[in-house]
Q: 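For reference, the structure I am asking about is given below.
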Amino acid sequence: MNNNKAYVTTPIYYVNDVPHIGHAYTTIIADTMARYYRLQGKETFFLTGTDEHGQKIEEAAKSRGRSPQEYADEISGKFRELWDYFDISYDKFIRTTDADHKLGVQKAFEKMFEKGDIYKGEYEGYYCVSCETFFTETQLMDGEGCPDCGKPTKLVKEESYFFRLSNYQEKLLKWYNEDERCVLPKGKKNEVISFVKQGLRDLSITRTSFDWGIKLPASLNDEKHVMYVWLDALLNYITALGYGKEEENMHFWPATMQLVGKDILRFHAIYWPAFLMSLDLPLPKHVGAHGWWTRNGEKMSKSKGNVVNPKEVADAYGLENFRYFMLREVPFGQDGDFSQKALIDRINSDLGNEFGNLLNRIIGMSGKYSDFKITSQDVKALHVKELNEVEAILNEVETKLNELQTNRYLEDLWKVLAIANGAITAHEPWTKIKNGDTKGALALVGLVANILARVSILVSPIMPQTAKKIANAMQFEITTQSYEKYILNKELLEDFVIEKIPPLFPKIEEELMETPEPTLKQEEPKEKKKETPTKEESIITIDQFFQTSLKIGTILEATEVANSDRLLQLKVDLGESEPRQIIAGIKEYYAPQELINTQVCVVANLKPAKIMGLLSQGMLLAAKDKDGLALMRPEKPKTSGSSVG
RNA sequence: GGCGGCGUAGCUCAGUGGCUAGAGCAACUGAUUCAUAAUCAGUGAGUCAUGGGUUCGAGUCCCAUCGCCGCCA
């Protein structure tokens, strides 16, 4: 294998559904790996695309009165749009309806046939007419019922071509055995092994019951058959490189990293390598299977209405924040839970406090101590200890990413940031300045700058734009050269003038998306409700009530908050020396103009919060129901600042 | 039903058979001001699911039981 090349793939996504968070997750991991390989200077090819053949697509198109191709075009376009929006750095977007792909698949079929791995036989199965699906005898209910709909099935025989999967059982086991990390994570690999050990049956790879698929090669002269989806789909990984035609990119094969969801691991860890062996091609270096996302602990499903729309999350919370969250939150291979609270915690704590704020700290210090000039001059002399600690972690960190342990990778980078935050406290540069030790203070700032630079480089595969902003502010670029210089060779930054930039990760103080109605839990015994008052109506004392300071305020100014669908920025007179700035989520219900010079009821002693980077010193009271929102206002005009109670 | 995994601090999880069982988050207390009310330090009476067993010694190995999950049937 050529170590200077890398090939990363996502599955090609089936166009019977619009993109959801699972697709986004796979693709973001793949994008991260591709960006990481490029950072290392490897010649990288990153493939994604759509899977467009099969009976389901044929039907879905028909039900919409469209041709399968038109329908596939539309959904495929949606995937491509989402990936563009998500800053996915794919090199090729393959579609199984591409002419080159079809040709490559036919070539591969021909080769497998000539080799004797494909033979014509008869497929026998229990067919459910209404579900249009085949089942094996053991899957049936009571010996004949369809496991999906319960209706009787009938035994159908259909001519079919088969792939001699059974021939590859031992060779596959040998592969799993010899290549420790061919399938990741390990637990999933064990499942694959036990499946193969149970014995592999030959695989039916063609159908005569529908048309929307790739025809057999002309040499076989068998018009009735189209290829069954998995053969067609899996071969995309090599047809995308020109297999069977120009072969212009076949030098990227074997794939470095093939990412899949855990549901389709079997196809990628068993069928796919078997096909490759049949084609005399080397096997992928790694096939990685990731887990599912749940939402607030529950499985996502359309019927529950709790499906996370990835674009909506990225819109509300920021694309790179979301990318960071997904990769940081879950150990690779395990299921992860999406909740706005977890996402907000990650953004505010990891990103805002520990990372973004660190940059602000050295901007502030260098501004005060040295007119924003930062030098690495005395860093080595005064901070060997910290540099060694940082390097000890960074020397190990990349193995985590190579094993797709993105959570561990990020965790370690954050340990490096903690060294920087800790060093500031330990060395108190402000005290050094007071004591005239400018050199010491500047060395500390230089140390932190170097740490930030290194982390920015290594975090760039996950958050490319953010990393770029930091690099720009610090007058360097994120490139393979800087990776080699600062990470591999451990060089220090040239002296530079840091640019004062606004906070990278503004605090998020409230959930920015609609939360789906919680599903009714039936297991909750009804008697309990009698005993316990509902949460909203639990009893409080008058003292507790008066802990809340409610006041009448007069709105002096109201403007829209840029980039927000919900927020208005208000200046409210509460009878104090200065009007308060309040950020209120009422834009959908009130125009700024109609609010000016009206009175509202304000919670005056609420802890101030930053919302989208803007200070909010209070909260407006409003009532909300299904028809919308109504502000609470005094019945007659009252002096600004009058207390309510 | 078969195979495999898991059950450790309020939450998420680490813990090659061996000194008083750890980390992160949350909480509390203190320090500090360069910074986005941030950062740093300190603070846990944990039946290591339960019951047996092996061992000088078990969260760690073995058996059984209960509970959860995955793959397969």
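Protein chains get the first letters and strands the later ones, always in sequence-line order, with residue 1 at the start of each. This structure is a prediction, so every number in the text was calculated from the model and none was measured.
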Q: Taking atom C1' in both rA21(B) and rG5(B), compute the distance separating them and give it to the nearest angstrom.
A: 23 Å

Q: Whole angstroms only, please: what is the CG-C1' distance between Asn353(A) and rU39(B)?
A: 9 Å

Q: Inspect the contact between Glu391(A) and Arg454(A) and indicate whether a charged nitrogen and a carboxylate oxygen are less than 4.0 angstrom apart.
A: yes

Q: Between rG7(B) and rG46(B), how far apart are the C1' atoms? Round to whole Å, please.
A: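 Each nucleotide's C1' atom is 14 Å from the other's.
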
Q: What's the CG-P distance between Asp412(A) and rA14(B), to the nearest Å?
A: 15 Å

Q: Kindly give the heavy-atom pair with the smallest separation between Trp175(A) and Ala269(A), and that separation in Å.
A: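 Of all heavy-atom pairs spanning Trp175(A) and Ala269(A), the closest is CZ3-O, 4.1 Å.
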
Q: On RNA chain B, compare the nucleotides closest to Gln198(A) and Leu358(A); which residue's is nearer the 5' end?
A: Leu358(A)

Q: Could you measure between the two P atoms, the one in rU43(B) and the one in rG24(B), and give it in whole Å?
A: 12 Å

Q: Among residues two or more places apart or on two chains, list those pairs meeting side-chain hydrogen bond (donor to acceptor under 3.5 Å, both in side chains) that have a residue in residues 411-428 of chain A.
A: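 Every pair satisfying side-chain hydrogen bond (donor to acceptor under 3.5 Å, both in side chains) with a residue in residues 411-428 of chain A: Arg361(A)-Asn421(A), Glu386(A)-His427(A), Lys400(A)-Asp412(A), Asp412(A)-Lys415(A), Glu428(A)-Thr431(A).
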
Q: Just compare rU39(B), rG70(B), rU36(B) and give me whichever is closest to any side-chain atom of Glu191(A).
A: rG70(B)

Q: When the P atoms of rU16(B) and rC6(B) are compared, how many Å lie between them, rounded to an integer?
A: 12 Å

Q: Could you measure between the two P atoms, the one in rA37(B) and the one in rA26(B), and give it in whole Å?
A: 16 Å

Q: Between Arg266(A) and Lys434(A), which is nearer to the 5' end of RNA chain B once each is assigned its nearest nucleotide?
A: Lys434(A)

Q: Could you check whether Glu389(A) pairs with Lys385(A) (Lys NZ or Arg NE/NH1/NH2 to Asp/Glu carboxylate O, under 4.0 Å)?
A: yes

Q: Please pick, from rC13(B), rC34(B), rU36(B), the nucleotide with the shortest atom-to-atom distance to any side-chain atom of Gln334(A).
A: rC13(B)

Q: Rounded off to whole Å, could you give me the NZ-to-C1' distance for the Lys415(A) and rU39(B) pair?
A: 19 Å

Q: Nearest 0.5 Å, what's the CD1-CD distance between Ile270(A) and Gln169(A)?
A: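 Going from the CD1 atom of Ile270(A) to the CD atom of Gln169(A) covers 10.0 Å.
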
Q: Donor-acceptor pair, distance only, cut-off 3.5 Å: does the side chain of Ser349(A) make one with the backbone of Arg346(A)?
A: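 No, the answer is negative, given that no donor and acceptor are paired below the 3.5 Å cut-off.
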
Q: Take atom CZ of Arg408(A) and atom C1' of rG24(B), then tell me their distance rounded to the nearest Å.
A: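 After rounding, the gap between these two atoms is 12 Å.
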
Q: Taking the minimum atom-to-atom distance to the side chain of Trp430(A), which one of rU39(B), rC72(B), rU33(B) wins?
A: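 Minimum distance to the Trp430(A) side chain belongs to rU33(B).
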
Q: Just checking Pro503(A): base, sugar-phosphate only, or nothing, at a heavy-atom cut-off of under 4.0 Å?
A: base

Q: Has the side chain of Lys262(A) got a donor or acceptor atom that lies under 3.5 Å from a matching backbone atom of Lys188(A)?
A: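 Flag not set: sc Lys262(A) to bb Lys188(A) has no pair under 3.5 Å.
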
Q: For nucleotides rC13(B) and rG17(B), find the distance between their C1' atoms and express it as a whole number of Å.
A: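 Nearest-Å result for rC13(B) against rG17(B) at atom C1': 22 Å.
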
Q: Taking the P atom in each of rG44(B) and rA49(B), what is the distance between them to the nearest angstrom?
A: 22 Å

Q: Quick one: Ile264(A) CD1 to rC71(B) P, roughly how many Å, whole number?
A: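 Those two atoms, CD1 and P, are 14 Å apart.
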
Q: Can you list the steps and then say if Lys507(A) with Asn353(A) is a side-chain hydrogen bond (donor to acceptor under 3.5 Å, both in side chains)?
A: CA-CA 9 Å; Lys507(A) 279 283 164 63; Asn353(A) 296 348; 2.9 Å; yes

Q: Both distances under 3.5 Å, Watson-Crick or G-U wobble: on that basis, could you give the dot-bracket string for RNA chain B, with [ ] for crossing pairs and | for other-strand partners?
A: (((((((..((((....[...)))).(((((.......))))).....(((((..]....)))))))))))).

Q: Distance check needed: rG24(B) P versus Gln405(A) CD, whole Å only.
A: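 Nearest whole value for this atom pair: 19 Å.
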
Q: Heavy atom of residues 365-404 of chain A under 4.0 Å from RNA chain B: which residues?
A: Met365(A), Lys368(A), Tyr369(A)

Q: Looking at every non-hydrogen atom in both residues, tell me the closest pair between Leu493(A) and Ser376(A) and how far apart they are.
A: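 Distance-wise, the nearest heavy atoms are O-OG, 2.9 Å.
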
Q: Contact class for Leu504(A) (heavy atom, under 4.0 Å): base, sugar-phosphate, or nothing?
A: base

Q: Under 4.0 Å between any heavy atoms, over every strand shown, what does Gly187(A) touch: base, sugar-phosphate, or nothing? Just pick one.
A: nothing

Q: Quantified in whole Å, what is the P atom distance between nucleotide rC62(B) and nucleotide rA23(B)?
A: 28 Å

Q: Establish, with yes or no, whether the OP1 or OP2 oxygen of rU36(B) is under 4.0 angstrom from a side-chain nitrogen or oxygen of Arg361(A).
A: no

Q: Is any side-chain N of the basic residue among Glu191(A) and Arg266(A) closer than 4.0 Å to the acidic one's carboxylate O?
A: no

Q: Select base, sugar-phosphate, or nothing to describe what Lys197(A) touches, counting heavy atoms under 4.0 Å on all strands.
A: nothing

Q: Output the rounded distance in Å from CG (Asn407(A)) to P (rA23(B)).
A: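 For the pair Asn407(A) CG and rA23(B) P, the rounded distance is 19 Å.
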
Q: Within the 4.0 Å heavy-atom criterion, would you say Asn190(A) contacts the bases, only the backbone, or no part of the nucleic acid?
A: nothing

Q: Roughly, in whole Å, what's the span from CG in Asp335(A) to C1' in rC71(B)?
A: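 To the nearest whole Å, that distance equals 14 Å.
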
Q: Using ring-ring contact (aromatic ring centres under 6.0 Å, His included) as the criterion, point out the one residue from Phe325(A), Trp293(A), Phe338(A), Phe322(A) that pairs with Tyr25(A).
A: Trp293(A)

